[in-house]
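Before I ask anything, let me first share the structure, which is written out below as C-alpha cells.
Since this is a predicted model, take the numbers as computed values, not measurements.
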Amino acid sequence: MLGLGTSIIKANLYQSLTDAALFDGTNDFITVSDHDDLSFTSSTGFGISMWINLNSKGSSISSALINGLLMKSEEYNLIVKYFNATDKTQFEFRVKDDSSNKIKGSITVLPSFPLNQWVHIIAEYNTSKNVNVYLNNDTSLTSTESNQEGFVDLENTNADLLIGKSSVSGTSDLIHTNGLIKNLCIYSGTLSSTERTNVYNATQTGIFTNFVNNTIVAYYPLISNINDVSGNNHNGSSADGQLPTFI
C-alpha cells in the first residue's frame, strides 16, 4: 500500500505534464448542459474521477481558502478547502436532496496543501447512500461523513454541470478553480479497490475506460478541448463563462 508521502511523490513525477485545462481562478469554467445522464440516485450510485494540480490555495471564504472543482447545483459538488489556522486541507464532496434541502457529505483531509502537485481524486456516492472521497489511492486516509437528518436521496434537477467552479455549502458563493484539471470522468456505479488502483496507476494520461467496467456517462480528457469522448455527446461550452486555456 502506498502511503500519502509516496503517493504525492509519484504524482510529482508527472508535474511537468502538458496538455491539461488551466483555469484562472476568476472567470474560467466549463458548462455542460443538463441531461438525465448526469443525475443519479442510490439505485446505482455514481462517481467522479479527476486529476488536479492547483496553483493557489484558493479564494477566501470565512476562515478558509477554497478551490471549487465541480458542481451540479442542488445535486452534487466537489471543493478543496484550506484552513490557515490548522494548516489542513479538506477535500469535500457533497450530495443534496433538493426537496428536503438536506445534505450528505464526505470530507477527506490531507495534512498539508498539495500546491503545484498532481492529485488524483475519486468521489463516490454508493447504493447504501454513503459518500466517500479517495485521494491518490491512499487507503490510510479515511473519509468522514457529515449527514443531515431527513436526507432521502439525490434528485434529478434541471441544473447544468459546471467544471472548474462550485458552490460552497452554507454560503451563496461560487468559487472557481485556480489550476489544472485533467482526465475528468463521471461514471455510474462505484469502483472496486482494484479499479481505483488501476485508474490511479494509469496516471493523468491513462484512458479511464481501459481500467473499469462501469458505465461511463461523460469523459473529458481536457487535453485540447472540452469535448465529451464517452460517445454520449455531453460536450462542454462557454455559456456564461470563459473557457480555460490548454497548456
Check: Do the side-chain N and O atoms of T194 and S192 include a donor-acceptor pair separated by under 3.5 angstrom?
Finding: no
Check: Hey, are the side chains of V109 and T89 touching, using non-hydrogen atoms and a 4.5 Å cut-off?
Finding: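 SC-SC contact between V109 and T89 ruled out.
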Next item on the list: Kindly indicate whether the side chain of V133, heavy atoms from C-beta on, has any atom under 4.5 Å from the side chain of I122.
Entry: no
Notebook entry, point to check: Is a salt bridge present between D34 and K72, judged by a nitrogen-to-oxygen distance below 4.0 Å?
Noted result: yes
Check: Do K104 and K129 have side-chain heavy atoms sitting under 4.5 Å apart?
Finding: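 Contact flag for K104/K129 side chains = yes.
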Next item on the list: Evaluate the side-chain proximity of Q90 to L110: yes if any heavy-atom separation is below 4.5 Å, no if none is.
Entry: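 When only atoms from C-beta onward are counted, Q90 and L110 do not touch, as no gap falls below 4.5 Å.
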Next item on the list: Compute whether any side-chain donor of one residue and acceptor of the other, for T197 and N137, lie under 3.5 angstrom apart.
Entry: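 Checked: T197/N137 side chains pair up, N/O donor to acceptor below 3.5 Å.
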Check: Hey, what do you get for CG (L141) to CG (L135), rounding to the nearest 0.5 Å?
Finding: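 Answer for the CG-CG pair, L141 versus L135, is 6.0 Å.
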Next item on the list: Scan for side-chain hydrogen bond (donor to acceptor under 3.5 Å, both in side chains) pairs involving residues 213-224, sequence neighbours excluded, and state none if there are none.
Entry: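 Listed by first then second residue: N183-Y219.
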Item checked: H176 versus S166, side-chain donor and acceptor atoms under 3.5 Å -> no
Checklist line | Close side-chain approach of C185 to M50, heavy-atom, < 4.5 Å | finding: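 No, their side chains stay 4.5 Å or more apart.
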Next item on the list: Establish, from distance only, whether the side-chain atoms of N178 and S56 form a donor-acceptor pair under 3.5 Å.
Entry: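 Yes - a donor-acceptor pair under 3.5 Å links their side chains.
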Next item on the list: Check whether the side chains of D97 and S99 place a donor and an acceptor atom closer than 3.5 Å, and report yes or no.
Entry: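 Checked: D97/S99 side chains pair up, N/O donor to acceptor below 3.5 Å.
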Notebook entry, point to check: Do T157 and E75 have side-chain N/O donor and acceptor atoms under 3.5 Å apart?
Noted result: yes
Next item on the list: Examine distances only and state if a side-chain atom of N227 and a backbone atom of V229 form a donor-acceptor pair shorter than 3.5 Å.
Entry: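 Answer holds: no.
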Next item on the list: Take D19 and K182 through the test salt bridge (charged side-chain N to carboxylate O under 4.0 Å, His left out) and record every step on the way to the result.
Entry: CA-CA 8 Å; D19 298 332; K182 184 176 175 70; 5.8 Å; no
Check: What are the two closest heavy atoms between F40 and Y187, and how far apart are they?
Finding: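 Minimum heavy-atom contact is CE2-O, 4.3 Å.
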Next item on the list: Check each of I175, I48, L184, I52 against L69 using the side-chain contact (heavy atoms from CB on, under 4.5 Å) test, and report the only one that passes.
Entry: I52
Next item on the list: Taking atom types as modelled, find out whether T26 and D24 have a side-chain donor-acceptor pair closer than 3.5 angstrom.
Entry: no
Next item on the list: Check salt bridge (Lys or Arg N to Asp or Glu O under 4.0 Å) between E124 and all other residues, then give those that pass, not counting sequence neighbours.
Entry: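 Partners of E124 by the salt bridge (Lys or Arg N to Asp or Glu O under 4.0 Å) criterion come out as none, since no residue qualifies.
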Note to self: Please find the pair of heavy atoms, one from I216 and one from V212, that lie closest to each other, and give the distance.
What the structure shows: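 Closest approach of I216 to V212: CD1-CG2, 4.1 Å.
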Notebook entry, point to check: What are the two closest heavy atoms between L154 and T41, and how far apart are they?
Noted result: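 Where L154 meets T41 most closely, the heavy atoms are O-CG2, 3.9 Å.
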Margin query: Minimum heavy-atom separation for F93 and N77, please, with both atom names.
Written below: CD1-O, 3.3 Å
Notebook entry, point to check: Are the ring centres of Y134 and Y200 closer than 6.0 Å?
Noted result: no
Margin query: Under a 3.5 Å threshold, yes or no: a donor from one side chain and an acceptor from the other, between S42 and D153?
Written below: yes
Next item on the list: Applying side-chain contact (heavy atoms from CB on, under 4.5 Å), name anything that partners S169, two or more places apart in sequence or on another chain.
Entry: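 R94, I103.
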